Amino acid sequence: MCIRDSPYCRHMTKAAAMTALDLYASPETLPASDAARIGKLLGLNDNETMDDVALAERVSQGLKPAAAAALGQVIGMPRVVGQIIPEATLRRARTSRKPLSREMSERLYEVGRVVDAVGRAYRGDSAAVVRFLNRPHQLLNGRTPLAMAQSSSAGAEAVINLVRRADAGFAV
């Protein structure tokens with residue numbers, strides 16, 4: 001997934017790298033709110049209480065480039081850099097020590113929402129999560145859930161609804 005010496009991963013702490021999807025395996029340790037779980041997936045500060053408003057403010061102000069590395073830990077950096085955020089954009093933000101644009105931050109957030117839903121459905125099984133995200137699905141017109149989530153917020157919502165229907169026992 002992430003190569004330790006890669007510039008995209010050097011900002012990740014060892015604990016953050018180990019626990020992104022591991023938390024989903026133990027529901028009792030998993031934060032109850034969507035915002036807190038998504039915040040963890042995006043590597044946002046654990047010392048801060050993350051609620052819907054705090055997460056919305058962080059996304060609108062621009063996430064730090066480390067959020068891309070945190071999400072890349074879960075789904076693989078090649079699926080983040082290039083597919084969600086252009087490599088040059090990420091490099092510029094890192095070099096200038098500025099946050100990502102609102103648009104790039106929202107892209108990370110939307111994919112984070114999908115990873116959260118899939119992570120809960122597969123209870124932290126990272127291989128199953130990555131497999132689901134990258135396998136074309138008939139109910140998404142043959143697109144992969146990850147591609148659908150990257151396309152727009154409506155695409156991310158379509159994937160989340162698919163996962164919710166599966167969790168509720170409907171055939172998907």
Side-chain angles (χ1 to χ4, degrees), residues 1-3 8-9 12-13 15-44 46 50-52 54-56 58-59 63-64 66-85 90 100 103-172:
M1 296 252 191
C2 184
I3 300 169
Y8 302 114
C9 298
M12 294 292 295
T13 64
M18 290 175 42
T19 61
L21 278 179
D22 292 342
L23 288 174
Y24 291 83
S26 304
E28 63 277 358
T29 63
L30 194 60
S33 76
D34 291 346
R37 289 191 310 272
I38 295 166
K40 283 198 176 291
L41 286 171
L42 296 175
L44 300 180
D46 288 339
M50 188 62 60
D51 60 14
D52 292 337
L55 183 57
R58 296 282 295 270
V59 171
L63 297 172
K64 292 179 181 177
L71 191 58
Q73 262 314 110
V74 177
I75 64 174
M77 283 307 292
R79 289 178 174 58
V80 174
V81 178
Q83 291 185 18
I84 299 174
I85 299 176
L90 187 58
L100 297 166
E103 178 187 358
M104 294 298 123
S105 297
E106 287 178 355
R107 286 181 182 185
L108 288 172
Y109 167 73
E110 291 298 342
V111 173
R113 287 180 59 220
V114 169
V115 172
D116 173 58
V118 176
R120 282 184 290 140
Y122 285 100
R123 289 167 182 67
D125 182 344
S126 58
V129 168
V130 171
R131 194 171 41 251
F132 173 81
L133 289 172
N134 294 294
R135 184 175 291 155
H137 199 287
Q138 182 180 353
L139 294 177
L140 299 174
N141 291 337
R143 294 178 73 184
T144 67
L146 187 56
M148 182 65 79
Q150 293 169 339
S151 70
S152 67
S153 59
E157 193 63 33
V159 176
I160 291 168
N161 287 336
L162 176 72
V163 172
R164 286 180 183 150
R165 287 193 305 257
D167 268 351
F170 291 98
V172 292

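All values derive from a computational prediction rather than experimental measurement.
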Legend entry - Non-hydrogen side-chain atoms of Ile160 and Val114 separated by less than 4.5 Å: yes
Inset, instruction - Tell me, with the steps shown, if Leu100 and Leu90 meet side-chain contact (heavy atoms from CB on, under 4.5 Å). - result: CA-CA 7 Å; Leu100 297 166; Leu90 187 58; 4.1 Å; yes
Legend entry - Rounded distance (nearest 0.5 Å) linking atom CG of Leu63 with atom CD1 of Ile85: 8.0 Å
Inset, instruction - Please examine the side chains of Val115 and Val111, heavy atoms only from C-beta on, and report whether any two atoms are closer than 4.5 Å. - result: yes
Legend entry - Partners passing side-chain contact (heavy atoms from CB on, under 4.5 Å) against Ser33 (at least two apart in sequence or in another chain): Ala35, Ala36
Inset, instruction - Describe, in one word, how the ring planes of Phe132 and Tyr122 are oriented to each other, choosing from parallel (under 30°), tilted (30 to 60°) and perpendicular (over 60°). - result: tilted
Inset, instruction - Check whether any side-chain N or O of Arg135 sits under 3.5 Å from a backbone N or O of Leu133 as a donor-acceptor pair, and report yes or no. - result: no
Inset, instruction - Check Pro136 against Thr144 and note the closest heavy-atom contact, atom names and distance. - result: N-CG2, 3.7 Å
Legend entry - Side chains of Leu41 and Tyr24 in contact at under 4.5 Å (non-hydrogen atoms): yes
Legend entry - Side chains of Asn134 and Arg79 in contact at under 4.5 Å (non-hydrogen atoms): yes
Inset, instruction - Look up atom CD in Gln150 and atom CG in Leu108, then write down how far apart they are to the nearest 0.5 Å. - result: 10.0 Å
Inset, instruction - Any pair with a residue in residues 104-119 that passes salt bridge (Lys or Arg N to Asp or Glu O under 4.0 Å), sequence neighbours left out, goes on the list, sorted by first then second residue, please. - result: Arg37-Asp116, Glu103-Arg107, Glu110-Arg113, Arg113-Glu157, Asp116-Arg120
Legend entry - Side-chain heavy-atom pair Val130, Leu146 within 4.5 angstrom cut-off: no
Inset, instruction - Measure the spacing between CG of Asp167 and CG of Leu162 and express it to the nearest 0.5 Å. - result: 10.0 Å
Inset, instruction - For Lys40 and Pro31, work out which heavy atoms get closest and say how close. - result: CE-CG, 3.8 Å
Inset, instruction - Enter the distance from Ile38:CD1 to Met50:CE here, rounded to the nearest 0.5 Å. - result: 10.5 Å
Inset, instruction - Please examine the side chains of Tyr109 and Leu55, heavy atoms only from C-beta on, and report whether any two atoms are closer than 4.5 Å. - result: yes
